[in-house]
4 protein chains.
Amino acid sequence: MENNTDKKSRILQAAGQVFAQNGFSQSTIAMIAKNAGVADGTIYLYFKNKEELLTRFFENKMRLIFDRFLETVSGANSAEEKLRNLIRTHFVEFQKDKDMAVLYQVETHSNVRLAEDQIREMSKMYMDLISLIVEQGQEQGLIRKDLYLSLVKRMIIGSLDEVINTWIHSEGKYDLVSMADPLVDLILNGIGNHLRSDA
Amino acid sequence: MENNTDKKSRILQAAGQVFAQNGFSQSTIAMIAKNAGVADGTIYLYFKNKEELLTRFFENKMRLIFDRFLETVSGANSAEEKLRNLIRTHFVEFQKDKDMAVLYQVETHSNVRLAEDQIREMSKMYMDLISLIVEQGQEQGLIRKDLYLSLVKRMIIGSLDEVINTWIHSEGKYDLVSMADPLVDLILNGIGNHLRSDA
Amino acid sequence: MENNTDKKSRILQAAGQVFAQNGFSQSTIAMIAKNAGVADGTIYLYFKNKEELLTRFFENKMRLIFDRFLETVSGANSAEEKLRNLIRTHFVEFQKDKDMAVLYQVETHSNVRLAEDQIREMSKMYMDLISLIVEQGQEQGLIRKDLYLSLVKRMIIGSLDEVINTWIHSEGKYDLVSMADPLVDLILNGIGNHLRSDA
Amino acid sequence: MENNTDKKSRILQAAGQVFAQNGFSQSTIAMIAKNAGVADGTIYLYFKNKEELLTRFFENKMRLIFDRFLETVSGANSAEEKLRNLIRTHFVEFQKDKDMAVLYQVETHSNVRLAEDQIREMSKMYMDLISLIVEQGQEQGLIRKDLYLSLVKRMIIGSLDEVINTWIHSEGKYDLVSMADPLVDLILNGIGNHLRSDA
DNA sequence: GATGAATGAGAATTCATTCAT
DNA sequence: AATGAATGAATTCTCATTCAT
């Protein structure tokens with residue numbers, strides 16, 4: 001027995017899949033309907049139009065994922081542990097839902113901003129989270145004080161992004177989560193050899 | 001008096017502009033033709049189809065830009081200087097040609113890989129360049145040896161990417177090139193406070 | 001407690017209203033259902049399809065209204081009084097049920113004859129009624145004998161029609177019934193100045 | 001050899017025909033295109049959308065026809081002759097272009113006012129023309145002074161309308177123009193027997 | 001009987017591509 | 001070579017009608 005919530009989320013899931021595979025513009029309502037096992041018209045019982053499919057898809061996912069982020073961060077004490085937890089959870093969640101990962105990567109870079117509001121909001125919250133962690137780390141003496149905070153955020157987010165992107169294009173053949181610790185190390189210590197003066 | 005090369009490149013430039021502004025799918029041949037000051041049909045005398053416009057646009061740009069990258073890197077001795085030059089030149093070139101910057105950002109993340117080959121090739125060469133620099137740096141003792149090289153590349157490229165992306169979305173209101181040195185510093189030293197044990 | 005006749009006529013009334021407001025093509029079953037307070041599917045328990053809603057609506061109304069016409073005409077002696085009563089009653093009834101008035105005006109002129117039979121039958125009976133009155137008037141010496149009867153009917157009906165039409169488009173802001181006597185005067189006497197030879 | 005004006009007006013003519021036969025809503029672009037001997041898309045090279053086809057159709061016709069009306073009226077001296085000429089020309093023109101006649105009849109009564117502006121303007125001018133004639137007739141002593149002018153206009157227009165309407169529904173089997181003189185007689189003299197007091 | 005979710009045929013409109021001039 | 005009018009396939013969305021509950 002299927003209720004409407006089931007059908008609505010089945011359509012949403014199908015849309016996510018189709019969008020992730022073909023891009024928003026190249027995806028047709030017919031594809032999504034077929035994928036969801038419903039008639040074309042049925043989609044319009046649940047969603048105003050094609051764009052709303054994308055919007056709602058994100059709205060759904062983002063809320064859930066962001067809650068996980070907050071949770072994992074608040075479950076740590078030191079700034080370093082917080083950063084480590086955030087990045088690890090990020091990878092965990094994105095690995096768990098590849099369609100969403102793909103769409104997020106595409107949409108945040110697309111110049112046709114369809115799910116703009118959802119993305120922007122999510123992005124803002126994520127940035128704020130990183131700010132908090134970095135600032136706490138500075139107070140705790142774990143993180144340098146001579147940093148251009150806004151650049152730091154871009155560096156962290158860009159690195160995450162690219163690691164995920166590469167994983168996506170590798171067709172998810174390896175474990176994304178295992179990248180978390182090495183990445184945190186790179187972010188904290190950079191690539192420079194800080195021991196060279198001792199040698 | 002205009003020759004065919006002029007017209008071809010005028011069309012290409014127009015295509016780049018239109019694609020950058022509207023995205024590939026939302027751009028029409030009519031828009032591009034108008035922008036280039038030619039008739040719709042004329043475009044098909046020089047290019048097989050809409051997709052080829054994108055492909056050739058990149059081919060053109062990438063070749064030129066990559067030559068600059070090689071040049072700027074070879075004009076430096078230490079690995080650090082090479083990295084610094086590469087990143088600075090990257091920002092200089094992308095700032096100089098915003099249409100190309102936008103398209104590159106979008107296309108490298110799009111799941112509809114239209115200019116795939118061009119992008120992939122460019123990406124590969126860029127990666128190799130970074131590899132060379134890092135490896136040289138390791139030999140010179142400037143860069144840590146305990147690095148997961150492929151992750152380092154992603155971190156560097158991702159950071160660059162995101163810095164450019166943010167600049168693009170700010171409508172180019174500030175100077176992108178001034179981000180180069182602070183970014184190199186972050187990449188080399190990370191955000192961690194390495195002096196804390198001395199304190 | 002409601003019986004089926006109630007529900008059927010409630011649907012019919014709702015249909016009339018919706019059709020009158022939006023036109024037949026622009027009206028949807030969903031609108032009518034909502035207006036009638038029933039489910040979309042319920043309508044199909046009582047009516048074969050959308051078209052039948054229009055057909056039955058007229059059938060209903062026309063029968064009732066035509067009875068009034070006959071009644072008011074038979075309650076008069078002279079042809080003039082009969083004509084006056086007919087026109088006055090016509091205006092009274094149409095003013096009383098504006099939805100019906102609107103639909104009747106639209107449908108009699110539409111080239112998509114949906115309620116064709118009902119309209120035609122009604123129209124025929126109305127014409128016959130006028131014929132009777134005119135012929136009686138001729139016998140009584142009240143009405144000219146040198147008339148092209150079929151044209152007279154069109155003149156009378158057309159005038160009525162246009163007066164009603166204007167009233168409808170004025171959003172019913174004035175009293176339609178007050179137009180009856182002046183109109184009868186015009187029909188009987190025309191606009192010509194018949195006293196001019198006497199002057 | 002065909003130029004664009006030809007094609008545009010061929011489409012317009014086809015649209016008029018199709019609309020007249022099926023009504024605006026029931027007519028499809030495909031029908032019109034087929035009727036005009038062009039591809040569906042071609043229509044959109046000349047017209048913004050389906051509605052504009054109707055609008056332009058009227059705009060075209062109305063202008064031409066109204067000029068004839070003015071001409072024929074100004075070519076007469078007495079109010080009676082003016083009225084006679086107007087009505088005769090009206091019938092002549094509508095008989096000449098039945099598609100237009102049908103559409104005009106339908107549109108002026110439809111509650112979905114698509115060609116609203118054209119119709120309204122035309123209607124207004126027509127009304128004004130009648131007003132002028134009647135007022136002149138009153139000055140000349142040919143027309144009664146005790147008239148409700150606005151009702152007179154409705155009577156005249158309604159009569160014309162209905163005569164045309166009947167002719168249309170008879171499939172144009174008889175000569176519409178021959179109705180002009182008898183109708184003018186009715187309008188001027190009414191149906192009443194003004195000699196009865198003498199008898 | 002009543003419901004309203006589901007269907008899918010059908011319609012308007014867009015636009016890459018072609019081709020006669 | 002260049003043009004731009006013409007094409008028609010493809011797409012989104014609507015809505016009358018059906019049917020399982």
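A, B, ... follow the sequence lines: proteins, then strands. Residue 1 opens every chain.
Computed from coordinates, the D:L53 CG to E:dA12 P distance equals 10 Å when rounded to whole Å. D:I43 has its CD1 atom 13 Å from the P atom of E:dT14, to the nearest Å. The distance from atom CZ of A:R10 to atom C1' of E:dA5 is 13 Å, rounded to the nearest whole Å. Across the protein-nucleic acid pair, D:F47 atom CZ and E:dA12 atom P stand 15 Å apart, rounded to whole Å. Here E:dA16 presents its C1' atom at 14 Å from CD of B:E52, a figure rounded to the nearest Å. The distance from atom CG of B:D6 to atom P of F:dA1 is 14 Å, rounded to the nearest whole Å. The CD atom of D:Q26 sits 15 Å away from the C1' atom of E:dA12 (whole-angstrom rounding). Rounded to whole Å, the distance from CD1 on C:I29 to C1' on F:dC19 is 16 Å.
A cation-pi arrangement is absent between C:K7 and C:Y46 under the rule of less than 6.0 angstrom and at most 45 degrees off the ring axis. Cation-pi check for B:K8 over B:F47 is met; the charged atom lies under 6.0 angstrom from the ring centroid and within 45 degrees of its normal.
Side-chain proximity of C:Y44 to the nucleotides F:dC13, F:dT17, E:dA12 is greatest for F:dT17. Picking from E:dG4, F:dG8, F:dT17 the nucleotide with the shortest atom distance to the side chain of D:A39 gives F:dG8. Listed nucleotides E:dT17, F:dT11, E:dA11 differ in distance to A:T28; the shortest reach to its side chain belongs to F:dT11. Side-chain proximity of B:N49 to the nucleotides F:dT12, F:dA2, E:dT17 is greatest for E:dT17.
Under the salt bridge (charged side-chain N to carboxylate O under 4.0 Å, His left out) test applied with D:E52, the options D:R56, D:K48, D:K50 reduce to a single match, D:R56.
Residue B:K50 has no polar side-chain atom (N or O) positioned under 4.0 Å from OP1 or OP2 of E:dC15. Contact between the side-chain N/O atoms of C:K7 and the OP1/OP2 oxygens of E:dA2 is found at a separation under 4.0 Å. In terms of phosphate contacts, B:T42 brings a side-chain nitrogen or oxygen within less than 4.0 Å of OP1 or OP2 of F:dT3. OP1 or OP2 of F:dA6 lies within a sub-4.0 Å distance of a side-chain N or O belonging to D:Y46.
Comparing B:D40 and D:V38, the nucleotide of DNA chain F nearest to each residue sits closer to the 5' end for B:D40. Nucleotides of DNA chain E nearest to D:K48 and B:K48 differ in position, and the one nearer the 5' end is that of D:K48. Both D:E51 and B:G41 lie near DNA chain E, and the one whose nearest nucleotide falls closer to the 5' end is D:E51.
In this structure, C:S27 reaches the sugar-phosphate backbone alone: every heavy-atom distance under 4.0 Å involves primed, P, OP1 or OP2 atoms, never a base. Across all strands shown, D:L45 has heavy atoms under 4.0 Å from base atoms, whether or not it also approaches the sugar-phosphate.
Remark: E:dT17 base-pairs with F:dA6; criterion is Watson-Crick or G-U wobble with both hydrogen-bond distances under 3.5 Å. F:dC13: Watson-Crick or G-U partner is E:dG10, with both key distances under 3.5 Å. Pairing for F:dA1 is absent, judged as Watson-Crick or G-U wobble with the two contacts each under 3.5 Å.
Taking CG from B:D97 and CD from B:Q17, the interatomic distance works out to 10.0 Å, rounded to the nearest 0.5 Å. For the atom pair NZ of B:K98 and CD of B:Q21, the computed distance is 9.0 Å after rounding to the nearest 0.5 Å.
For the pair D:I29 and D:L53, the minimum side-chain heavy-atom distance is below 4.5 Å.
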